[in-house]
Amino acid sequence: MLTVVLYKIHEKKKCPAYGTKCRNCDGRNHWAKLCRTQRNKQKNVAARRVNAIEENCENSETIYIGELKSVNELDTKEINCVWYEKIYVNKNLVMFKLDTGSQVNVIPKSELLKWEEKPAVRKCKTAVLDYSDNRVPILGECYLNCQTKKYRKTYKFLVTRLNSCPILGLEACRELRMIQRLNMIYKIPIETPELILKEFADVFTGTGRLNRIVKIKLKENSVPHVAAPRKVPLAIHNKVKEELNNMGSIISKVEEPTEWVSNMVVIDSPKKLRICLDPRPLNEAIQRPHYPIPLLTPYNIVYRTTVSI
């Protein structure tokens, strides 16, 4: 049996369906019987990738959103990713995906049903389409209070029927300081002993002699101390004389009596022979000056943002 469908030709804007609303796609100027949009008959959808959200008017602007993913599909590795954060919404802790490609915020109905105080959801004329141009069920919109440790603000959320992970859009992410734009990226080299020696070569070069005279102030009524010289093994006499000659730029020979005499300590290690003093009696008689240690304040801290390259 052959069925013939006849279409009546009419002038523009004189169609009987002009100005009416389609019951299939909510579009304008046509009826559901002749709707060209395929009706989505699949009711139980686990997850869908959302390409666009477009307002239901002729000159509407397309709002893009990244992805709606089922809660069951989130594995431990993905939850621990930096793009997921927990935020208090109406005093309820909710795990959000931070989607910088989304211009709207989305929350599933299943999440709202867990709360003791349900927010008021009102109808909206927003149609959500996936990559196949199929409609994603949007129940309405509501306004929710989002709070972090430092910031608090109210945002509009689209409520979906899908059991998906809530999405926080670009505007909310920036205002809640969940993300931050970097205007400059640079690399700081890793500090190694070689780099430190190269940067502070003047400190690690030479014997470390000060180019000024250091005065040591003693306590009043301090008693001078003369320590008896320690014996140096005969086997290292030559090594000691050689090292003393090498230290001629930082020590001087004294051939007259002095009030204070400290012991010379010789340390003969396999790598190098070292000579130092034992000034413990002198340390007890020194009057020490006290200097306050400088603290880091907001005026002398330099904040730097680094990104690994």
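What you see below is based on every heavy atom in this structure, not just the backbone, and it leaves out hydrogens, waters and symmetry mates. Remember, it's a predicted structure, so these values are computed and weren't measured experimentally.
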(request) Show your working on side chain to side chain contact (heavy atoms under 4.5 Å, CB included) between L158 and I107 and close with a plain yes or no. (result) CA-CA 6 Å; L158 297 180; I107 191 168; over 6 Å; no
(request) Please lay out, stage by stage, how I179 and T100 fare under the test side chain to side chain contact (heavy atoms under 4.5 Å, CB included). (result) CA-CA 9 Å; I179 61 172; T100 57; 3.5 Å; yes
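At a threshold of 4.5 Å between non-hydrogen side-chain atoms, the residues E284 and K219 do not count as touching. Between M178 and E85, the closest side-chain pair of non-hydrogen atoms falls below 4.5 Å.
Here the shortest heavy-atom pairing between W260 and P224 reads CZ2-CA, 3.4 Å. Across T258 and V226, no two heavy atoms sit closer than the pair O-CG2, 4.1 Å. Listed here is the closest heavy atom pair of L168 and F96: N-CD2, 3.9 Å.
In this structure, the separation between CG on L170 and CG on L98 is 10.5 Å, given to the nearest 0.5 Å. Between E117 atom CD and L112 atom CG the span is 13.0 Å, to the nearest 0.5 Å. Here D99 contributes atom CG and C165 contributes atom SG; the two are 10.0 Å apart, rounded to the nearest 0.5 Å.
By the 4.5 Å side-chain criterion applied to Ile, Leu, Val, Met, Phe, Trp and Tyr, L234 is assigned to no cluster and stands alone. Apart from I250 itself, the hydrophobic cluster it occupies contains V232, I236, V240, L244, M247, I251, M264, V266, L273, I275, where clustering links Ile, Leu, Val, Met, Phe, Trp and Tyr at side-chain heavy-atom distances under 4.5 Å. Applying the under-4.5 Å side-chain rule to Ile, Leu, Val, Met, Phe, Trp and Tyr, the cluster around L93 extends to Y88. Taking Ile, Leu, Val, Met, Phe, Trp and Tyr as members and joining any whose side-chain heavy atoms lie under 4.5 Å apart, directly or through other members, the hydrophobic cluster of F200 also contains I196, L197, V203, F204.
The side-chain contact (heavy atoms from CB on, under 4.5 Å) check on V214 picks up L210, R212, with sequence neighbours excluded. Legend: residues meeting side-chain contact (heavy atoms from CB on, under 4.5 Å) with E116, ordered by chain and number and at least two apart, are absent. For R274, the side-chain contact (heavy atoms from CB on, under 4.5 Å) test picks out I267, with sequence neighbours left out. With sequence neighbours excluded, no residue forms a side-chain contact (heavy atoms from CB on, under 4.5 Å) with S252. For D268, there are no salt bridge (charged side-chain N to carboxylate O under 4.0 Å, His left out) partners, not counting sequence neighbours. Under the salt bridge (charged side-chain N to carboxylate O under 4.0 Å, His left out) criterion, R230 pairs with D278, not counting sequence neighbours.
Here the options are V121, N105, I167, the test is side chain to side chain contact (heavy atoms under 4.5 Å, CB included), and the partner is F157; only N105 passes. Among P108, S110, P166, the one residue that satisfies the side chain to side chain contact (heavy atoms under 4.5 Å, CB included) test with T160 is P108.
For the salt bridge (Lys or Arg N to Asp or Glu O under 4.0 Å) condition, the pairs that include at least one residue of residues 240-266, sequence neighbours left out, are K253-E255.
Under 4.0 Å is where a charged nitrogen must lie from a carboxylate oxygen, and between K114 and E111 at least one such pair does.
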N/O donor-acceptor pairs under 3.5 Å from side chains in residues 138-153, not counting sequence neighbours:
from : atom 1 : to   : atom 2 : distance (Å)
E141 : OE2    : R122 : NE     : 3.0
E141 : OE2    : R122 : NH2    : 3.2
N145 : OD1    : T154 : OG1    : 2.4
T148 : OG1    : Y151 : N      : 3.1
T148 : OG1    : Y151 : O      : 3.2
K153 : NZ     : E175 : OE1    : 2.8
K153 : NZ     : E175 : OE2    : 3.3

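Between the side chain of K118 and the backbone N or O of W115 there is at least one donor-acceptor pair closer than 3.5 Å.
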